[in-house]
K.L.:
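Provided herewith is a single structure, encoded as structure tokens, for subsequent inquiry.
For ligands, and for the atoms within them, numbers begin at 1 and follow the listed sequence. A quick note: this is a predicted structure, and the numbers were derived from the prediction, not measured.
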Amino acid sequence: MSNSDKKRVQSATLSPDKVMHKLVSLAKRRGFIFPSSEIYEGLSSCFDYGPLGSEMKRNIKELWWNSMTRRHQNIVGLDASIMMNPRVWEASGHVASFNDPMIDDKTTKRRYRADHLIENYIEKLRRDGKEADLKRVQSTYEAATSSEDLNRALYELILAEGIKAADTGSGDWTEVRQFNLMFQCNMGALAERSSVVYLRPETAQGIFVNFHNVRESSRMKVPFGIAQIGKAFRNEIVKGNFIFRMVEFEQMEMQYFVKPGTQAEAFEAWREERFAWYSSTLGINKEKLHWYKHDKLAHYADLAYDIKFEFPFGIEEIEGIHSRTDFDLKQHQEYSGKNMEYIDQLTNERYIPYVVETSAGCDRLFLALLADAYTEDTVDGDERVVLKLSPRVAPVKAAVLPLMKKGGMGERASALCDELSSNFLVQYDDAGSIGKRYRRQDEIGTPFCITVDHQSLEENTVTVRYRDTAAQERMDISRVREFLASQLIGQ
Ligand code: ATP
């Protein structure tokens with residue numbers, strides 16, 4: 001690249017609340033994400049992925065799938081059904097206790113998660129350096145979570161500390177109530193108790209109940225993993241923040257079955273690998289990724305960490321890594337009456353494997369990628385919006401643009417586009433000035449613009465413009481396919 005091709009690119013600084021507003025608007029305008037059933041005023045926390053969004057989501061899922069099943073000989077895939085025998089959810093504990101504590105504000109009529117109100121309050125005390133208050137509230141909260149009357153204990157803590165809602169400043173609280181997050185529906189013609197089925201609230205149970213099917217059919221030996229991508233449904237009390245918290249969302253989960261006693265080692269290896277994946281494969285800025293260790297563990301876990309991302313609205317979870325012990329397989333053994341043990345062929349040892357789970361949310365990750373990529377800058381004084389997505393994640397890999405439609409450039413560009421489209425999603429665009437066409441592609445994150453100009457017809461060359469630097473490079477047409485392929489190779 002010659003120096004004369006270098007452009008002066010200067011990034012603007014954006015306030016976080018403005019970024020969310022701009023992202024939502026860009027996502028709709030350019031066909032990433034639409035509100036669901038919008039012509040009927042939509043449905044709370046449900047969204048549709050548009051033409052570009054569905055491409056980008058497929059890329060994310062494929063990158064995850066490949067990083068699990070292609071890069072690990074001992075991990076295989078599964079696509080279990082969303083509805084399962086309701087006994088599954090009794091065994092897993094979801095019917096009895098997949099609850100969130102909810103509290104209402106009588107004045108503002110807003111609904112909140114009581115645990116979130118307290119946790120945010122604790123975070124604020126920590127930030128403000130109020131050590132004595134922090135210790136007191138933390139220990140009361142810990143005692144409350146293991147109290148017989150959890151609802152009462154949370155309620156009393158909120159009142160005693162005078163905790164208010166951060167968004168309204170109000171604190172006119174009702175009592176705390178437990179709310180089960182599972183969606184129920186009726187199977188068959190009769191709305192009887194026996195016909196109640198649930199929409200799965202997590203994909204993991206489909207993996208546990210298929211443990212022996214997968215192990216036997218694929219001749220897997222412990223340690224091995226089962227990976228699955230699929231929809232999950234939760235009737236969330238507090239919705240919102242665009243696609244961050246939805247009622248219908250997609251999970252990318254992997255359960256890794258290990259010999260009891262070796263779970264800590266497997267946990268550490270997966271913790272490292274999953275954290276690195278976000279920057280090495282997806283190109284997310286490492287600085288915006290954080291670890292959070294759970295002090296308060298779910299009933300099935302002996303260790304749990306979350307990978308969190310700095311969203312414009314705060315640092316929030318995108319993936320959970322949990323050491324789930326042998327809880328789930330044991331429960332299914334008890335409830336189904338089927339033996340869930342594994343027999344080690346070499347040593348003849350029998351045991352119920354322990355499980356290390358990696359559980360990522362595809363939609364939250366999608367939002368993290370958009371937020372990380374959204375940039376406003378000026379190129380040689382011209383303002384633009386650009387999504388600095390990794391080429392692997394970007395929905396459109398390249399745009400092929402004739403400098404002018406006439407003079408044979410349109411035909412040449414369109415032939416190149418056809419040629420590339422068997423391997424990559426490419427777009428042909430001849431409408432408007434070249435500058436406008438670059439801006440359209442910048443805004444949807446297309447990493448390369450390939451321009452066919454006069455010289456192209458004489459020398460069989462094109463210019464390749466790099467999205468982030470706006471620098472251009474001339475290249476032989478025959479090299480373009482190889483060039484694009486080289487930009488998409490991942491770790
Ligand atoms: P949160 O505390 O934010 O409700 P969680 O701890 O209940 O999340 P998990 O049960 O560990 O979440 O689910 C694994 C992943 O699934 C999460 O890290 C997240 O990315 C995704 N996820 C969970 N609930 C939702 C939701 N309502 N909308 C979108 N993604 C979700």
Side-chain angles (χ1 to χ4, degrees), residues 33 36 43-49 53 57 60-61 64 89 92-94 97-102 112-120 123 145 179-183 199-208 227-255 270-271 274-275 277-278 282 284 289-301 303-311 313-324 327-328 355-371:
I33 298 163
S36 157
L43 181 65
S44 169
S45 286
C46 292
F47 292 91
D48 299 338
Y49 286 82
K57 202 173 182 207
I60 297 171
K61 289 193 280 189
W64 183 87
W89 305 109
S92 66
H94 283 81
S97 59
F98 193 52
N99 300 326
D100 277 339
M102 119 185 137
Y112 299 88
R113 289 231 338 230
D115 54 339
H116 283 179
L117 284 178
I118 298 169
E119 282 160 21
N120 291 342
E123 261 326 293
T145 54
F179 179 81
N180 193 291
L181 302 183
M182 279 204 294
F183 280 102
L199 299 184
R200 66 181 177 200
E202 62 176 26
T203 54
Q205 298 304 324
I207 293 179
F208 293 127
Q228 176 168 220
I229 299 178
K231 291 257 175 157
F233 303 81
R234 294 183 190 176
N235 198 358
E236 297 278 3
I237 297 171
V238 182
K239 306 170 177 74
N241 275 333
F242 197 27
I243 55 169
F244 177 81
R245 192 174 294 284
M246 301 157 90
V247 291
E248 174 184 342
F249 56 97
E250 223 160 349
Q251 289 187 314
M252 307 188 291
E253 292 199 312
M254 193 276 301
Q255 313 289 326
W270 279 110
R271 214 164 77 83
R274 291 305 304 146
F275 197 81
W277 183 74
Y278 287 94
L282 300 182
I284 289 190
L289 295 168
H290 303 271
W291 277 118
Y292 170 78
K293 184 173 188 279
H294 284 245
D295 296 324
K296 194 182 92 190
L297 290 168
H299 56 281
Y300 53 74
L303 189 58
Y305 276 82
D306 291 340
I307 298 174
K308 294 196 172 199
F309 174 79
E310 276 181 37
F311 287 96
F313 45 82
I315 300 177
E316 299 285 353
E317 171 181 344
I318 48 175
E319 171 160 354
I321 298 163
H322 310 126
S323 177
R324 283 182 85 125
F327 175 83
D328 301 272
V355 170
V356 172
E357 163 186 82
T358 69
S359 175
C362 185
D363 312 87
R364 279 191 193 177
L365 178 50
F366 192 108
L367 182 57
L369 284 160
L370 281 188

K.L.:
Quick check on contacts: which atoms of ligand 1 are under 4.0 angstrom from a heavy atom of E319?
P.N.:
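Answer, ordered by atom number: 18 (O).
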
K.L.:
Do ligand 1 and R364 have nitrogen or oxygen atoms that lie under 3.5 Å from each other?
P.N.:
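It does: an N or O of R364 is found under 3.5 Å from an N or O of ligand 1.
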
K.L.:
Do E250 and Y49 have side-chain heavy atoms sitting under 4.5 Å apart?
P.N.:
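Not in contact.
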
K.L.:
Side chains of E253 and Q228 only: does a donor on one sit below 3.5 Å from an acceptor on the other?
P.N.:
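Per modelled atom types, E253 and Q228 side chains form no pair under 3.5 Å.
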
K.L.:
Is there side-chain contact between I284 and L365, with heavy atoms separated by less than 4.5 Å?
P.N.:
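Yes, at least one pair of side-chain atoms sits under 4.5 Å.
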
K.L.:
Can you confirm if the aromatic rings of F309 and F311 lie within a centre distance of less than 6.0 Å?
P.N.:
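Centroid separation for F311 and F309: below 6.0 Å.
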
K.L.:
Suppose I only count heavy atoms of M246 and a 4.0 Å limit; which atoms of ligand 1 are within that range?
P.N.:
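Within the 4.0 Å cut-off of M246, ligand 1 contributes 26 (C), 27 (N), 28 (N), 29 (C).
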
K.L.:
When the ring planes of H294 and Y292 are compared, do they come out parallel, tilted or perpendicular, using 30° and 60° as the limits?
P.N.:
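Correct class here is perpendicular.
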
K.L.:
Judged by non-hydrogen atoms, does I318 sit under 4.0 Å from ligand 1?
P.N.:
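It does, in that a heavy atom of I318 comes within the 4.0 Å cut-off of ligand 1.
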
K.L.:
Would you mind running through ligand 1 and noting each atom that sits below 4.0 Å from a heavy atom of S359?
P.N.:
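With S359 as reference, the close atoms of ligand 1 come out as 13 (O), 14 (C), 15 (C), 18 (O).
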
K.L.:
Is there a polar contact, in the sense of an N or O pair closer than 3.5 Å, between I243 and ligand 1?
P.N.:
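No: no nitrogen or oxygen of I243 is under 3.5 Å from one in ligand 1.
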
K.L.:
How far is atom 29 (C) of ligand 1 from its nearest protein heavy atom, and which residue and atom is that?
P.N.:
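For atom 29 (C) of ligand 1, the nearest protein heavy atom is F244 O, 3.2 Å.
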
K.L.:
Do S359 and E202 have side chains that get closer than 4.5 Å, going by heavy atoms?
P.N.:
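No. Closest side-chain heavy atoms not under 4.5 Å.
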
K.L.:
Name the closest protein heavy atom to atom 21 (C) of ligand 1, giving the residue it belongs to and the distance to 0.1 Å.
P.N.:
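Atom 21 (C) of ligand 1 sits closest to the protein heavy atom G361 CA, 3.7 Å.
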
K.L.:
Identify the protein heavy atom lying closest to atom 11 (O) of ligand 1, giving its residue, its atom name and the separation to 0.1 Å.
P.N.:
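For atom 11 (O) of ligand 1, the nearest protein heavy atom comes out as E317 OE2, 3.4 Å.
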
K.L.:
Would you say A360 has any N or O atom under 3.5 Å from an N or O of ligand 1, going by distance alone?
P.N.:
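Between A360 and ligand 1, no N or O pair is found under 3.5 Å apart.
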
K.L.:
Please say whether H116 places an N or O atom under 3.5 Å from an N or O atom belonging to ligand 1.
P.N.:
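In this structure, H116 places no N or O atom under 3.5 Å from an N or O of ligand 1.
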
K.L.:
Could you point out which residue of M246, E319, Q251, R245 forms a side chain to side chain contact (heavy atoms under 4.5 Å, CB included) with R364?
P.N.:
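One option only clears the test, and that one is R245.
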
K.L.:
Angle class for the W291/F275 ring planes (parallel below 30°, perpendicular above 60°, tilted otherwise)?
P.N.:
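Ring orientation of W291 relative to F275: parallel.
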
K.L.:
Does an N or O anywhere in R234 fall below 3.5 Å from an N or O of ligand 1?
P.N.:
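N/O-N/O distance under 3.5 Å: yes.
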
K.L.:
Mind checking whether S92 and F98 have side chains closer than 4.5 Å, heavy atoms only?
P.N.:
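Answer no - side chains too far apart.
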
K.L.:
Is D363 reaching over with its side chain to a backbone N or O of K57, donor-acceptor style, under 3.5 angstrom?
P.N.:
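Side chain of D363 to backbone of K57, a donor-acceptor pair under 3.5 Å: no, none is there.
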
K.L.:
Output the list of atoms in ligand 1 that are nearer than 4.0 Å to some heavy atom of E236, sorted by atom number.
P.N.:
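It comes down to these atoms of ligand 1: 24 (N), 26 (C), 27 (N).
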
K.L.:
Side chain, backbone, both or neither: which part of H322 has a heavy atom under 4.0 Å from ligand 1?
P.N.:
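Just the side chain.
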
K.L.:
What protein heavy atom lies closest to atom 22 (N) of ligand 1? Include the residue and the distance to one decimal.
P.N.:
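Sorting protein heavy atoms by distance from atom 22 (N) of ligand 1 puts F249 CE1, 3.5 Å first.
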
K.L.:
For ligand 1, is R245 a contact, meaning one of its heavy atoms is under 4.0 Å away?
P.N.:
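Judged by the 4.0 Å heavy-atom criterion, R245 does count as contacting ligand 1.
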
K.L.:
Atom 16 (O) of ligand 1: which protein heavy atom is closest, and how many Å away?
P.N.:
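Its nearest protein heavy-atom neighbour is Q251 NE2, 3.3 Å.
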
